[in-house]
Asks: 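Please see the structure below; I have some questions.
In what follows, chains are A, B, ... by sequence order, proteins preceding strands, each numbered from 1.
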Amino acid sequence: MADVSFQDVTKEFPGATVAVDRLTLDVPDGEFMILVGPSGCGKTTALRLVAGLETATSGAITIAGKNVTHLSPRDRDIAMVFQNYALYPHMTVYKNLAFGLRQRRTGRAEIERRVTEVSAMLGLDELLARRPAQLSGGQRQRVAMGRALVREPKAFLLDEPLSNLDAKLRVQMRAELKRLHQQMDITTIYVTHDQVEAMTLGDRLAVMRAGKLQQVGTPQDVYERPTNVFVAHFIGSPPMNLLKATVAAGRAQAGDLSIELPHVPEGPCIIGIRPDSLSLAQGEDAPAALDFDIEVIEPLGGELLAHGFVNGHLASPDTSDEMPLLAGASESRAEITAKLDGRLRLKAGARVRLAVRPGEVYAFDAATGDALR
Amino acid sequence: MESGALIRADRPLDLEAVPERRPRRWPFSPWHFFLIPLALMMLMPLVWSVVTSLETSSEAQRFPPVLIPSALHFSNYVDAWNSLPFAHFFLNSFLYSLATVAGNLLFCSLAAYAFARLRFIGSNLLFVLLLVTLMVPFQVVLIPTFLIVRNLGLIDSVGGLIVPNLCGVFGIFLLRQFFQSLPVELEEAARIDGASRLGVFFKIVLPLSAPVLATLAIIQFMWSWNDFLWPLIIITTPEHSPLQLGLSMFQGTHVTQWNLLMAGTVMSQIPMLAVFLLAQRWFIQSIAYTGIKQ
Ligand SMILES: Nc1ncnc2c1ncn2[C@@H]1O[C@H](COP(=O)(O)OP(=O)(O)OP(=O)(O)O)[C@@H](O)[C@H]1O
Ligand SMILES: [Mg+2]
């Protein structure tokens, strides 16, 4: 049990790829930290730096207050679960579980005790004599977890551990992971792509982009108060709708949507509206409303997703690139998504009027993408 | 036919579903017309040597060869065994083969692992240089090797046979290619689990390489067991000679005792057969290991 911290850590690969760029992050003892970000943003690299499988180009990594930047993996006393599990194919499940303990010269009786305990906890008792090839995907996943747990390491690193499982098993293992963490209380760093895992599993969330840390906070915090347009767009599913707007006299104008934004400086900006902040407007003259041409409807049961077009310009979550305007449109159109009540009988091709729930509009600087409050 | 009709009724438009006429079954495939004569051709020398080993000396000399001996002279085997120090030959051949197999397995795999996984300056250049030496014929390095072995004081000894053959470039190449194909996460997992570099090598990499190690062992065993030229160069005493060189002693300047030579040859091939049978089992076992979807 220990805290893990990155201090100004940079990892460059040959060929001038900066996989992790001046990362500073503290994971206190016992915390479940989630690392999210788009593919290639350096999540795996950050995890491998903690494990000692990569060495930082600069900066320091500490585990339990001890600088481990240049220690080999075996001297760091951490455990890692790989995306493809990396179970030793020539060993039985028992030996897979016991391997780490044997390497650390644990006594035979103690190994037996811990393997039995962990395999009971994960429901692996029946499988101890099998080889990995004789296990299902979910069982392999458990063995991989067990192999990490049995060592009682200082910290627990998981790289997309559930991504190879089918949807149902993933939900089940997600709950189990949460239960295990509550039970064991080991410092955990968990890399994922999955929105649900990111929002539900962790105590805190760290969002990365192109090697740089964007924001750290509780999932609720990051969701409700994103620091910039990238985080706002990345966290939440379906993603936030982003429109180009112009602010004048305390009101932002985006296409035919006009909303009050008293604290935002005059000039161009980006406004963000989450799909769930939209609803059907009550009456013709509802405030903060806009016309929406429905193109596709995805019923989800209790709710439905409506994809369609409104007047206005789409803004990109990546402030460095300009989104091309849709070709052929005399007045420009922006595609947005709304999450509406599933009982509504809406048809594709229809035009409806959507209202934005007051107070649920985000504003971002048009040039830097930083949140404006 | 009943089920065929049903299928057609279910999908009237699916013309492909018409049951296929089964081709008439021969008890063999056309390939056998080609393979059986080829197999006979390959077997011929073997059969001939076994037959010769059971003939009298005069039958063995006759031309055209006598393929059905008048009587089976198993005594040839006893005579062959007694006329030369065969026990020594066998012992020397075993020492030579087993030592070079062990040496190659150990040293080649260590070198191959370094080439496959460790980053060091010039590793690729060094590897290419090693490969280049494969193209140098043995005759070219024969004399330098002889001089080195002489300086080591190993001329006319089994040690002189073994030492230059403890590690071969072919083995390094074969194993490196295999090691590179192993998933690197397995090794990383083991290092995190607390294994040292050598621990990873011996406990993870080698056990997973059983099929390729068995291949290398067989190839090296065959090669050492059948080696003739190098022993011919450095061995002078019959007691220090391995089998292939020893057998040549039946070939006198004036007469060759073909029946005894063949008896000796047949005996000399028995261990090879044993190695094959043994290794075959290994092969199958190791394929069962590696047939793993990750
Ligand atoms: N061994 C390596 N050599 C060179 N570049 C590398 C190496 N490993 C990773 N990179 C690069 O570093 C960047 C970050 O990679 P990393 O694997 O950490 O991304 P990731 O966030 O885990 O992505 P994903 O979600 O797809 O797994 C990528 O641009 C990748 O190409
Ligand atoms: Mg990754």
Asks: Check each atom of A:R48 against the heavy atoms of chain B and say whether the ones under 4.5 Å are side chain, backbone, both or neither.
Replies: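 Side chain only.
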Asks: Could you check whether A:R113 pairs with A:E117 (Lys NZ or Arg NE/NH1/NH2 to Asp/Glu carboxylate O, under 4.0 Å)?
Replies: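 A:E117 and A:R113: salt-bridged.
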Asks: Using non-hydrogen atoms only, which part of A:I78 is less than 4.5 Å away from chain B: side chain, backbone, both, or neither?
Replies: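 Backbone plus side chain of A:I78, per the 4.5 Å heavy-atom cut-off to chain B.
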Asks: State, yes or no, whether a side-chain contact exists between B:E188 and A:F82 at a heavy-atom distance under 4.5 Å.
Replies: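 SC-SC contact between B:E188 and A:F82 confirmed.
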Asks: So, A:Q7 and A:S5: side-chain donor and acceptor under 3.5 Å apart, yes or no?
Replies: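 Yes, because at least one side-chain N or O of A:Q7 sits under 3.5 Å from a partner of the opposite role on A:S5.
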Asks: With only heavy atoms counted, which part of A:Y88 is less than 4.5 Å from chain B, the side chain, the backbone, both or neither?
Replies: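 Its backbone and side chain both get close to chain B.
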Asks: At a heavy-atom distance under 4.5 Å, which candidate from A:Q103, A:R102, A:M91 has the highest pair count against chain B?
Replies: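 If we count pairs closer than 4.5 Å to chain B, A:Q103 comes out on top.
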Asks: Could you check whether A:K11 makes a cation-pi contact with A:F13, meaning its NZ or CZ is under 6.0 Å from the centre of the six-membered ring and within 45° of the ring axis?
Replies: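 Here A:K11 passes the 6.0 Å and 45° test against A:F13.
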